[in-house]
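Both ligands and their constituent atoms are indexed starting at 1 by order of listing. We use all heavy atoms of the structure for the numbers below, so side chains are in, but hydrogens, waters and symmetry mates are not.
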Amino acid sequence: MSELATQNITYLPGVGPKKAELLKQELKVISYEDLLFYFPYKYVDRSKFYQIREVKATQAYIQVRGKFTSLSTVGSGRNSRLTATFTDGTGVLELVWFKGHKYIKEGLDANAEYIVFGKPSSFGGKINIVHPEMEKFNEADNKIKSPLQAFYNTTEKMKKGFLNSKAIQKLQQNIFASFAGKIPETLPAKIIQHYKFMHLHEALQVIHFPNNTETLEKARFRLKFEELFYIQLNILKLRNQRNSKIKGYPFLKVGHHLNTFYKEKLPFELTNAQKRVIKEIRADLGLEHQMNRLLQGDVGSGKTLVALMVMLIALDNNFQACLMAPTEILAAQHFETINSMLDDLGINCALLTGSSKKKERQKIDEDLQSGELQILIGTHALLEDKVQFKNLGLVVIDEQHRFGVAQRAKLWKKNDNPPHVLVMTATPIPRTLAMTIYGDLDVSVINELPPGRKPIETAHYFHNRRNNLNKFILGELQKGRQVYVVYPLIEESEKMDFKNLAEGFEYMQRVFPDYKVTMVHGKMKPAEKDAAMAEFSSGRAHILVSTTVIEVGVNVPNASVMVIESAERFGLSQLHQLRGRVGRGADQSFCILMTGYKLAEDTRKRMSIMTETTDGFEIAEADLKLRGPGDLEGTQQSGLPFSLKIANLGKDGQILQFARQVAEAILSDDPLLEKQDNFLLKKQLNKLAREKMNWSMIS
Ligand code: ADP
Ligand code: MG
């Protein structure tokens, strides 16, 4: 961008200090360029005029042409409103104003023809438009104007400060007027030519003042491409940098530990997907570079076993391995599972959490440093500086979204050469998002569940069917199965939620007096929590009432019913995670979503997606579409560290794919963008890195 573009918005004709402050506070718009990249959120076709008799209250924005026939004030003082009747000969429309009566009354010309524009609604059986936009009709005028009118999001504060959508558009016009020349191009000429992209100057002009939908689409395509392209170029270049700088430890041997385990201890046949994934990981581990791999697999797909087998490869190459889980419950469970699978193989494995006793800790610390301890399983406690390994070769991170990027980086420092990293997640991440957030990680996917699993049946009940629910639960209990009941817990309403949870617990005790009910929530001491969990997983307790602490990983195959209370308060991927706690054994399992009767439109959609599919990827895609990546669970912490201005990861998957290919092609010829040819690309990346402080933190 030229200097003009980076100029402070205060200098733009029509702005001034007050509006500049508003733009900064409300939209983070500081420079001309920021405003140019503040894109419309929709367009309305202003070339089309409706006949008033066709207008329906359900329509979006409409435009009609006609004359005023009457004007009257109804009521008085603050509550008064001004109404006008307006006709084009085919019908009559009522126009209503609650503010600015005087200004409107004095400005109206009863003889002139007007264009009226606004959103119709219905009131008292009549169709009206509240606070319409209007202007005198003038053929000549009308022709010059862009037929597709851009609409910009604005806030209440902005509107009060006279910065409505129309005012923003006027400012955009002023920007273009002040550029004598062109806005400098930000994509290399060879890319523009090769893919016949619209130039930046034109694309920006079109996005704000489109002439027709065709050129608008071209402009949007170019801007979306550019946005996604630079993100991909950045991630892929970082990967190249890392691979050239960091040498990994090649794990060349598959030896005693893995072979013995495979032959003697493997409790079941691996699924084909598990086999494929282990192969992919082995190939990666044998190379000279550090492995950074994301292992995606739906709940219950058997990631733990894969993790264990990969850890055994590390051991076979005389390295230590560790497995980190987000909660104590999970860490303990992993420890038990893995320990019992290893059985008598003579492998030294320990558990380290925040509640490990001082003495245990000391022993662990010593054995880690001497190399005696081969596998360490634990929570965040593993990250502490005093946890020192002799030669850590592999880190497995389970349910990764609970760990921030900075925490992950800490693990790297636990050795001279960073260990190989395998990140496992059961929150299926849509491809587009994975390519963007974890774009530099290699990805392996377990897309198959172990055989014999029956898909979970899901139903959505309103509260008035609680008796049916109880009957159903009783039936399952009588068959010897166990039941989860989950309550939401969010910080804002913590007190209320605890009340609900406690009441739910008592209620279940009352309704099922012959069965043992237990409760788990995050505020309990770890020991209490463990005791309650142990009661449930051993089968001594039949019903577990809990908050979402059981969301990830917990494995009780005999549990066949998951009841989710106030399901409307959970996001899709969380619902899916919770549902994944059942369906782990051979029995038919059920998930029941309990909600109130009144539901918002998108809540209703969430419930119906849940009852229609159990495919985690499908659910993740739907989630992305419903909520947008900013809100997507599991990405909040590791988060999209930037916001997208025009591209939409839910909808622009193909453009993303294309942008990635273009970036890959450029980098395969010039991995670190050192050639003169690619100077502009490097410059743009540096500029974006300066603006988006977190950019380099993506991986
Ligand atoms: P997740 O991917 O959700 O972490 P787990 O690793 O907890 O899944 O595995 C879920 C269940 O499936 C466990 O009880 C595990 O023992 C079992 N399992 C894993 N792999 C297989 C397999 N190949 N065949 C049969 N059962 C398996
Ligand atoms: Mg797991």
Please work out which of the three classes, parallel, tilted or perpendicular, describes the rings of Tyr249 and Phe319, given edges at 30° and 60°. tilted
Salt bridge check, [Y] against [X]: does any charged N sit closer than 4.0 Å to a carboxylate O?
X	Y	answer
Glu568	Arg604	no
Asp398	Lys303	no
Lys253	Asp316	no

Quick one: which ligand 1 atoms are inside 4.0 Å of a heavy atom on [X]?
X	answer
Arg584	3 (O), 7 (O), 10 (C)
Gln274	19 (C), 20 (N), 22 (C), 23 (N)
Thr271	23 (N)
Glu269	22 (C), 23 (N), 24 (N)
Leu270	23 (N)

Verify the ring-centre separation between Phe536 and His542: is it less than 6.0 angstrom? no
Can you confirm whether Lys363 sits close enough to Leu373 that some side-chain heavy atom of one is under 4.5 Å from a side-chain heavy atom of the other? no
If you compare Pro451, Gly302, Gly583 by their heavy atoms, the one closest to atom 8 (O) of ligand 1 turns out to be Gly302
Options Thr304, Asn555, Asp298, Leu449, ranked by nearest heavy atom to atom 5 (P) of ligand 1, top entry: Thr304
Taking a cutoff of less than 4.0 Å between a non-hydrogen atom of the residue and any ligand atom, is Gly297 in contact with ligand 1? no
May I ask whether Gly300 places a heavy atom under 4.0 Å from ligand 1? yes
For residues Met508 and Ile473, report the shortest heavy-atom separation together with the two atoms involved. CE-CD1, 4.0 Å
